[in-house]
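Below: one structure, written as structure tokens.
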Amino acid sequence: MAIITLLTDFGLADAYVGIMRGVILGINPAATVVDLTHGVPPQDIGYAAFELGTAWRYFPTGTVHVVVVDPGVGGERAAIAARVGEQFFVAPDNGVLSYVLAEGPAAVYRLTERRYWLPHTSHTFHGRDVFAPVAAHLSLGVPLHALGQPHERPVTFPLPQPRRRPDGTWVAHVIHADRFGNLVTSLPASRQPLDGVRGARIAGRQIDTVVRAYAEAPEGALAILEGSAGYLEIAVRNGSAREKLGAGPGVEVQFLTRN
Amino acid sequence: MAIITLLTDFGLADAYVGIMRGVILGINPAATVVDLTHGVPPQDIGYAAFELGTAWRYFPTGTVHVVVVDPGVGGERAAIAARVGEQFFVAPDNGVLSYVLAEGPAAVYRLTERRYWLPHTSHTFHGRDVFAPVAAHLSLGVPLHALGQPHERPVTFPLPQPRRRPDGTWVAHVIHADRFGNLVTSLPASRQPLDGVRGARIAGRQIDTVVRAYAEAPEGALAILEGSAGYLEIAVRNGSAREKLGAGPGVEVQFLTRN
Amino acid sequence: MAIITLLTDFGLADAYVGIMRGVILGINPAATVVDLTHGVPPQDIGYAAFELGTAWRYFPTGTVHVVVVDPGVGGERAAIAARVGEQFFVAPDNGVLSYVLAEGPAAVYRLTERRYWLPHTSHTFHGRDVFAPVAAHLSLGVPLHALGQPHERPVTFPLPQPRRRPDGTWVAHVIHADRFGNLVTSLPASRQPLDGVRGARIAGRQIDTVVRAYAEAPEGALAILEGSAGYLEIAVRNGSAREKLGAGPGVEVQFLTRN
């Protein structure tokens, strides 16, 4: 078993992702390559970091995750490979691993050993020329430390931190809107269990409906629930909270609690 | 060989589908996972049922098809697994298997055996927590009856039934519009062979061109032909019948016949 | 190892691509199937030819590439299989292989041996009924000449040829715009290395910034660089040259040189 995942902002209208698969399979024909998503908005490092943060723990030991959202390609930014727990990550050193590196100690190396890259390396497509071949070699058992030099301080951005007011209200933010228009907030249910929530305020609206599942909410009504990634979420049953509220990532949301 | 297909309304902008693959590969590393489509409009059970109906017969014996269009997730709807012929289906019990179950006798079980699910089960993402792991276990040879209790009457919606008037005219409906703007109707060519058709009426237009292949129609003209799923279809060569007619699923279409 | 790539204009909202995978896996369960892209604009043969031209050389020996952009399906156009170098190609004979066939001598056969097709062949979906099964058989080692008769003159369109004026200026055209809005031109860096370029004119604008990597350009400024497919390219750092210039494929671009 050798699983390699791909997470990029390449979209699917071009063959860029397919080309990365070709490079990987040329080095490790037995690799199973899985798309996380290629729909990251162009150059949106925060979006990519969040998606990776929700996904990686569902993969088996030994999986290699490749992230290519790389506005600095060909410039001074480092390219890195990291191990967190028993999984591996290959990415530009620009913050895309922020959620993953927050999970615990990591071994991080700067990619400098060109023998694990394609022979010709462009200045514009390191996904093909550097990250894909390095991931393929990792999946074949090449040790992390063979890829380059230890890299002391990988770039991370501060994760959104909800804060609690003296009256018990949480001040959080929308960190992601998914395909259904569900608004994922920065407040983990592990810090504020859903059964202690009595309402929310967002975009000038007050929401009083707290449910466990989408189907428990009245059709078309705004509701608060625990989303699948473990964060409190604002949703509309069979509708889009994003559209109904005209609100997306970055917008403040306050959660009112029972105590 | 263990093939698992995925059909959802998750879109590709989030990692939801990739996460399901991670869960499957963690249980059955040898599974080959195939996307049918993830472009089902949100919560559109009829669209998903049609897509599955056109696709499943092209897969080998033993394939496990997973459908997650699941507006009732976390509520009272059952989760089921079924065998039709020599293929398997895992889905919410909400009608998404309507076309498949119309094909003949099926063994259907309600998923209740939690040992085949992920240890922690959310109320919002059973694709990840229930359907993906159950499909992976099925692909490893776990028998259907081990997954839960027999389920007597799975939910199905009535399939669109074209009716024939005394004058021989068929009254049918558009049931699907594909990417090219081809309008698939509810009239199977097995009930009305193309060579007996002399025209159609749809959206106030009369169509007199009947062709075997798109390339036989005049450029830009509306034409009637037998589509790839075996239904009569309205199409425009190198154009979109959907746009030209301003018509989509649900619109009535009449086929005029020779007798 | 048996790799089969798929390149179509089917989009991802329907199950057409999944169905092709089902057919392939039914014939060769060990095949690894890779998507190049399914986002080719409907019937855009030139777009597909370009995408294939950028991708195929990154795949291992023995890979079978299937291209289905096929407005003439069911009509008089031939269906062909070709070998170029150590790779195989299966496609309608309509020019989609133009970039590949320009690379050198090819063996080309017209597909006539119906025993390598599905038993029932439609007039509307040869991707499923002809190209997928032929590719699967090729991947199992069926020799090219068993598939049909030698095909003397496959259809190709003339590749865009930049021309050089006496003053050294190159007159080229935009041949592709990618997801990021980068404008790929018809001038290969192998004919005009980037370090000899001092500027460009396109859509009434003069561009004087020449960089090796996107990150070297000022934010938001138009720049000239060598793109990942080896052609000179017009790009905007963290932005879209396509939008900024209102220019896409077909538009003329002139490159000013140092001599």
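Letters A, B, ... mirror the listed sequences (proteins, then strands); counts begin at 1. From a predicted model like this one, the values you see are computed outputs, not experimental measurements.
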Exercise. Measure the spacing between CZ of B:Arg21 and CG of A:Asp35 and express it to the nearest 0.5 Å.
Key: 7.0 Å
Exercise. Could you label the plane-to-plane angle of the B:Phe10 and A:Phe180 rings as parallel, tilted or perpendicular, counting under 30° as parallel and over 60° as perpendicular?
Key: perpendicular
Quiz item: Among B:Ala13, B:Gly72, B:Pro71, which residue forms the greatest number of heavy-atom pairs with chain A at distances under 4.5 Å?
Solution: B:Ala13
Quiz item: Does CD in A:Glu243 sit with more than 12 non-hydrogen atoms of other residues, nucleotides or ligands closer than 6.0 Å?
Solution: no
Exercise. Please tell me if the side chains of B:Ser122 and A:Glu226 come closer than 4.5 Å, counting only heavy atoms from C-beta onward.
Key: no
Quiz prompt | All side chain to side chain donor-acceptor pair (under 3.5 Å) counterparts of B:Tyr99, not counting sequence neighbours | solution = none
Quiz item: Can you say whether B:His38 sits under 4.5 Å from chain A via the side chain, the backbone, both, or neither, judging by heavy atoms?
Solution: backbone
Quiz item: Which bit of A:Leu6 is near chain B, if near means a heavy-atom gap under 4.5 Å: side chain, backbone, both or neither?
Solution: neither
Quiz item: At a heavy-atom separation under 4.5 Å, does B:Arg77 approach chain A through its side chain, its backbone, both, or neither?
Solution: neither
Quiz item: Heavy-atom distance under 4.5 Å to chain B: side chain of A:Thr5, backbone, both or neither?
Solution: neither
Self-check item: A:Leu7 portion near chain B, given a 4.5 angstrom heavy-atom threshold
Solution: neither
Quiz item: Is the closest side-chain heavy-atom distance between B:Asp9 and A:Arg179 below 4.5 Å?
Solution: yes
Quiz prompt | Region of A:Phe50 in contact with chain B, defined by heavy-atom distances below 4.5 Å | solution = neither
Self-check item: A:Asn238 versus chain B, the contacting section by heavy-atom distance below 4.5 Å
Solution: both
Exercise. Kindly check if the number of other-residue, nucleotide or ligand heavy atoms within 6.0 Å of CD (B:Gln149) is above 12?
Key: no
Self-check item: Residue pair A:Phe59 / B:Val23, side-chain heavy-atom distance below 4.5 Å
Solution: no
Practice problem: Kindly compute the distance separating CG (A:Asn182) from OG1 (B:Thr124), expressed to the nearest 0.5 Å. | Solution: 8.5 Å
Self-check item: A:Asp178 vs B:Tyr16, side chain to side chain contact (heavy atoms under 4.5 Å, CB included): CA-CA, chis, key distance, verdict
Solution: CA-CA 10 Å; A:Asp178 74 8; B:Tyr16 297 135; 2.5 Å; yes
Quiz prompt | Candidate list B:Ile24, B:Val17, B:Ile19, B:Leu25, test side chain to side chain contact (heavy atoms under 4.5 Å, CB included), partner A:Val34, passing option | solution = B:Leu25
Quiz item: Just wondering, do B:Asp14 and A:Thr37 contact through their side chains at under 4.5 Å, heavy atoms?
Solution: no
Quiz prompt | Test item: B:Arg128 side-chain N/O and A:Ser228 main-chain N/O as donor-acceptor pair under 3.5 Å | solution = yes
Quiz item: Got more than 12 heavy atoms from elsewhere within 6.0 Å of CZ, B:Arg153?
Solution: no
Quiz item: Which heavy atom of B:Gly26 sits nearest a heavy atom of A:Pro60, and at what distance?
Solution: CA-CG, 3.6 Å
Quiz item: Can you list the residues that meet the side chain to side chain donor-acceptor pair (under 3.5 Å) rule with B:Arg115, with sequence neighbours excluded?
Solution: B:Glu113
Quiz prompt | B:Glu86 atom CD, neighbour heavy-atom count above 12 within 6.0 Å | solution = no
Quiz item: Just wondering, more than 12 heavy atoms not from A:Glu219 lying within 6.0 Å of its CD?
Solution: yes
